[in-house]
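Since the structure comes first, as structure tokens, the remarks are kept for the end.
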Amino acid sequence: MSTQAPPVLQLNQVSVTYPGGHRAATKVSFSLQPGERAGLVGESGSGKSTIARTVLGLVPHSEGTLQILGKMAQDSTREARLTRARMVQMVFQDPYHSLNPRRTIRQALVEALQVSGRITEKAQLEKESIALLEKVHLDAGALNRFPHQFSGGQRQRICIARALAPNPQLLVCDEAVSALDVTTQRSIVHLLRKLSEEEHIALLFITHDIPLIEHLCERVMVLDQGSLVEDGTVESVFHNPSAPKTRQLLDSVLRIDPPQEV
Ligand SMILES: Nc1ncnc2c1ncn2[C@@H]1O[C@H](COP(=O)(O)OP(=O)(O)OP(=O)(O)O)[C@@H](O)[C@H]1O
Ligand SMILES: [Mg+2]
């Protein structure tokens, strides 16, 4: 008999109300299994980043329960807080502003490794920093350089390397490739997919770009005004959407008009 691993992430009827009373998420429920890749789409303002911030513990939820690897997110014991901080990592949209411009890549990676508590021996820190760079297809030559000496795509690879430092089980990517050109987007998405497959990392991939989801995810969820209106396999949702909002989002992708002749 096999014992089933707990979901990496489980939201049960989670609602989020911002100070001032704006309710940005209403009774959102879903769970992610280890290694599962789910896309989260929805119009601007539908609550995608709110969900991301709630999962990261940056915004509190007002109702419902949120569990990470079977542990309650409200659990404020040291162990529960450490589990969340290590197991769930975020990759942001702007790789330049999420790296300190005055610190070398070595400093950024060593700090992330030290914070993770995973590596304590000094001699190991350099080795492990290089291993992190290799995971994102950059070499040790990057260590002495500063963020501005890289392209946007390379900077995003560095952010991913840093996010991998604690050996997370979930990466939350909020518009992580939106600022990049199409070719670079594809290569980052390819990298995320490979990392997820090889290291069994679950992904919650937030984007406006539906075709990217088809490249990366097996599952897609649609948010509409803070409520989850669709959750299914990419194939079923994109070929046979049940919610009117999903149809509308798909139509907006298909309705890219050719440039007008003048
Ligand atoms: N700190 C905040 N305080 C009050 N309201 C907020 C706050 N952050 C977001 N909101 C509101 O919550 C709603 C959801 O915002 P959220 O940023 O989650 O949307 P989103 O789906 O990520 O949008 P986008 O695609 O534009 O990034 C919006 O109406 C927004 O104005
Ligand atoms: Mg957002």
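None of the values given here were measured: they were computed from a predicted structure. Below, all heavy atoms of this structure are taken into account, side chains as well, without hydrogens, waters or symmetry copies. All residue numbers in this chain count up from 1 along the given sequence. Order of listing sets the numbers, starting from 1, for every ligand and every atom in it.
A salt bridge links Arg219 to Asp231: one of the charged nitrogens lies within less than 4.0 Å of a carboxylate oxygen. Classification of Glu63 and Arg23 as a salt-bridged pair holds, one side-chain N sitting under 4.0 Å from a carboxylate O. In this structure, Lys135 does not pair ionically with Glu198, as no charged nitrogen and carboxylate oxygen lie closer than 4.0 Å.
Here is the list of ligand 1 atoms found below 4.0 Å of a heavy atom in His208: 25 (O). In summary, the atoms of ligand 1 found under 4.0 Å from a heavy atom of Arg53, numbered by their order in the structure, are 8 (N), 9 (C), 17 (O).
Heavy atoms of other residues, nucleotides or ligands lying less than 6.0 angstrom from CD of Gln33 number more than 12. More than 12 heavy atoms of other residues, nucleotides or ligands shown are found within 6.0 angstrom of NE2 on His137. The neighbour count for Glu214 CD, taken as heavy atoms of other residues, nucleotides or ligands under 6.0 Å away, is above 12.
Looking only at heavy atoms of the protein, atom 15 (O) of ligand 1 is closest to Thr50 OG1, 3.8 Å. Remark: minimum distance from atom 29 (O) of ligand 1 to any protein heavy atom is reached at His22 NE2, 3.2 Å. For atom 2 (C) of ligand 1, the closest heavy atom belonging to the protein is Tyr18 CD2, 3.5 Å. Ranking the protein heavy atoms by distance from atom 24 (P) of ligand 1 puts Ser44 OG, 3.6 Å first. Annotation: atom 27 (O) of ligand 1 to nearest protein heavy atom, Ser49 OG, 4.0 Å. Scanning all protein heavy atoms for the shortest distance to atom 14 (C) of ligand 1 gives Gly45 O, 3.4 Å. Here the protein heavy atom with the shortest distance to atom 25 (O) of ligand 1 is Lys48 NZ, 2.7 Å.
In terms of polar-atom proximity, defined here as any N/O pair under 3.5 Å, Gly47 does make such a contact with ligand 1. The shortest N or O to N or O distance between Ala24 and ligand 1 is not below 3.5 Å.
For the Mg ion (ligand 2), the set of nearby N, O or S atoms under 2.8 Å includes none belonging to Ser44.
Using a 4.0 Å threshold on non-hydrogen atoms, atom 7 (C) of ligand 1 counts as touching the protein. Distance check for atom 22 (O) of ligand 1: a protein heavy atom is found below 4.0 Å.
Formation of a donor-acceptor pair under 3.5 Å by the Glu199 side chain with backbone atoms of Ser196 is not found in this model.
The part of Glu43 lying near ligand 1 is the backbone, judged by heavy-atom distances below 4.0 Å.
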- Step by step, would you call Glu111 with Arg162 a salt bridge (Lys or Arg N to Asp or Glu O under 4.0 Å)? CA-CA 9 Å; Glu111 185 189 29; Arg162 185 179 57 176; over 6 Å; no
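Contact annotation: the side chain of Asn167 approaches that of Arg118 to within less than 4.5 Å [non-hydrogen atoms, C-beta and beyond].
Atom CD1 of residue Ile51 and atom CG of residue Leu204 lie 8.5 Å apart, to the nearest 0.5 angstrom.
The closest approach between any non-hydrogen atom of Gly42 and ligand 1 is not below 4.0 Å.
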